[in-house]
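Notes to accompany the following structure.
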There are 2 protein chains.
Amino acid sequence: MSSTPVPLPGNVQNMAELLRVVAEPKRLLILDLLMQGVHCNCELGKALQLAPNLISHHLSVLRKAGLVDMERDALDARWVYYTINRAALDELNNAWDVFFGPARIQPRRPSCGPAGTLILDDEMDRRQHNE
Amino acid sequence: MSSTPVPLPGNVQNMAELLRVVAEPKRLLILDLLMQGVHCNCELGKALQLAPNLISHHLSVLRKAGLVDMERDALDARWVYYTINRAALDELNNAWDVFFGPARIQPRRPSCGPAGTLILDDEMDRRQHNE
DNA sequence: GCTATACTTCAACGCACATTGAATCATTTC
DNA sequence: GAAATGATTCAATGTGCGTTGAAGTATAGC
């Protein structure tokens, strides 16, 4: 229960990119609908009052990010249906927890400024016991 | 364990705004450091290789979003220390789960297109039992 | 008082990206 | 074949916002 290895900032770029994709209001709404099940382009357009080309655009961004899958209708290939990529969603949820899970919050005093050099009472106690 | 009331899209705007704040790479890095404990402006600047005014800028964005608190040093008021706002973090985590929690994923066929009007086998079964 | 330090604010710049409208593609239907 | 439908792609536009560099604020030390 001791050394927390301080999560790697290499993931930060990936995480930021995913969050950027998700942070766009229209895309968040699309995801909100897709979480409730399969939708086609026209359906999303109606629900969001958005032109079909814009829906396409946002869906392609979501697909490139791996968050959304598409599938053509077996009977009429003109229709396309979109679904949440469950694996990607799980990954995103895990990554989120790694960053923002409350367990990561740690006590720490800054390493500079008066508060950094100041030796507090409890610190004195700690030093006396260790050395 | 039945009716999931379909989360309100009124929160969507707030959520998107918070995610936008958090999605910025430098800010995500700052949050990453603050999760590990208190930091002052100069410390963050050194860690991120960023000019102090940029740090200030991003911190002010984070503060306006309520995610970060600041506190002046009691001995030397020139130094400012920043911390994660625990309550805001908890709220953010809750909001995230409301949106992206896997439990929200629901089965659904689109309401338009062939797949929408098509009556599948299991649907036939369902109808026979209900009517 | 004057200078140094820690941080903030301001104005200007530049770029990424959502939006728009038109054109294009791929199927299906007649 | 031609027309219609669902969806995508393209070029052009507008703008939000991160960045830059300089000026400003506040406190501390002399």
Side-chain angles (χ1 to χ4, degrees), chain A residues 12-13 16-31 38-65 68-82 110-118, chain B residues 12-13 16-31 38-65 68-82 110-118:
Chain A
V12 174
Q13 293 303 321
E17 169 62 15
L18 269 181
L19 289 179
R20 188 192 64 80
V21 167
V22 159
E24 209 288 322
K26 306 290 168 53
R27 284 197 286 267
L28 194 55
L29 274 170
I30 290 176
L31 284 176
V38 188
H39 283 73
C40 66
N41 194 322
C42 73
E43 231 179 343
L44 295 171
K46 272 179 221 155
L48 305 189
Q49 306 262 52
L50 236 57
N53 58 347
L54 256 189
I55 302 286
S56 267
H57 165 65
H58 286 308
L59 280 171
S60 87
V61 174
L62 289 169
R63 283 206 304 129
K64 276 169 192 162
V68 165
D69 290 329
M70 60 169 281
E71 183 186 8
R72 292 204 167 269
D73 190 293
L75 297 177
D76 186 338
R78 289 175 300 182
W79 296 79
V80 181
Y81 306 114
Y82 295 96
S111 67
C112 61
T117 54
L118 181 63
Chain B
V12 174
Q13 293 303 322
E17 169 62 15
L18 269 181
L19 289 179
R20 188 192 65 80
V21 168
V22 159
E24 211 286 322
K26 306 290 169 52
R27 284 196 288 266
L28 193 55
L29 234 31
I30 290 177
L31 284 177
V38 187
H39 283 74
C40 66
N41 195 323
C42 72
E43 230 177 342
L44 295 171
K46 272 179 223 156
L48 305 190
Q49 305 263 51
L50 236 57
N53 57 345
L54 258 189
I55 301 286
S56 266
H57 166 66
H58 287 308
L59 281 170
S60 86
V61 174
L62 289 169
R63 282 206 303 130
K64 275 169 193 161
V68 165
D69 290 330
M70 61 169 280
E71 183 187 8
R72 293 205 166 268
D73 191 294
L75 297 178
D76 186 338
R78 290 175 300 182
W79 297 78
V80 181
Y81 306 113
Y82 295 95
S111 66
C112 61
T117 55
L118 182 64

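A note on names: the letters A, B, ... follow the listed sequences, proteins ahead of strands, and every chain is numbered from 1.
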Residue pair B/Val12, A/Leu29: steps toward the side-chain contact (heavy atoms from CB on, under 4.5 Å) verdict: CA-CA 7 Å; B/Val12 174; A/Leu29 274 170; 3.8 Å; yes
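Ion pairing between B/Lys46 and B/Glu43 fails under the 4.0 Å rule for side-chain N and carboxylate O.
Between B/Asp73 atom CG and C/dA6 atom P the separation is 12 Å, expressed in whole Å. A straight line from OH of B/Tyr81 to P of C/dA6 spans 10 Å, rounded to a whole angstrom. Following rounding to the nearest Å, B/Asn41 (CG) and C/dT9 (C1') show an atom-to-atom distance of 13 Å. Here the C1' atom of nucleotide C/dT9 and the CD1 atom of B/Ile55 are 16 Å apart, to the nearest Å.
Residues A/Glu17 and A/Val21 meet the side-chain proximity criterion, which asks for heavy atoms closer than 4.5 Å. The side-chain heavy atoms of A/Leu59 and A/Leu44, taken from C-beta on, include a pair separated by under 4.5 Å. Side-chain contact check for B/Lys26 versus B/Leu54: every heavy-atom pair is 4.5 Å or farther apart.
Distance alone, capped at 3.5 Å, places no donor-acceptor pair between the A/Arg20 side chain and the B/Ala23 backbone. At distances below 3.5 Å, at least one donor-acceptor pair connects side-chain atoms of B/Arg72 with backbone N or O atoms of B/Ala77.
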Which atoms of nucleotides 13-20 of chain C (N or O only) lie under 3.5 Å from a protein N or O atom, and what are those distances?
{"from": "C/dC17", "atom 1": "OP1", "to": "A/Arg20", "atom 2": "NE", "distance (Å)": "3.4"}
{"from": "C/dC17", "atom 1": "OP1", "to": "A/Arg20", "atom 2": "NH1", "distance (Å)": "3.2"}
{"from": "C/dA18", "atom 1": "OP1", "to": "A/Arg27", "atom 2": "NH2", "distance (Å)": "2.8"}
{"from": "C/dA18", "atom 1": "OP2", "to": "A/His57", "atom 2": "NE2", "distance (Å)": "3.2"}
{"from": "C/dT19", "atom 1": "OP1", "to": "A/Lys26", "atom 2": "NZ", "distance (Å)": "2.5"}
{"from": "C/dT19", "atom 1": "OP2", "to": "A/His58", "atom 2": "NE2", "distance (Å)": "2.7"}

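Protein chain B touches strand DNA chain D; the 5'-most and 3'-most nucleotides with an atom under 4.0 angstrom of its non-hydrogen atoms are D/dC17 to D/dA28.
In this model, a donor atom of one side chain and an acceptor atom of the other lie less than 3.5 Å apart for B/Asp73 and B/Tyr81.
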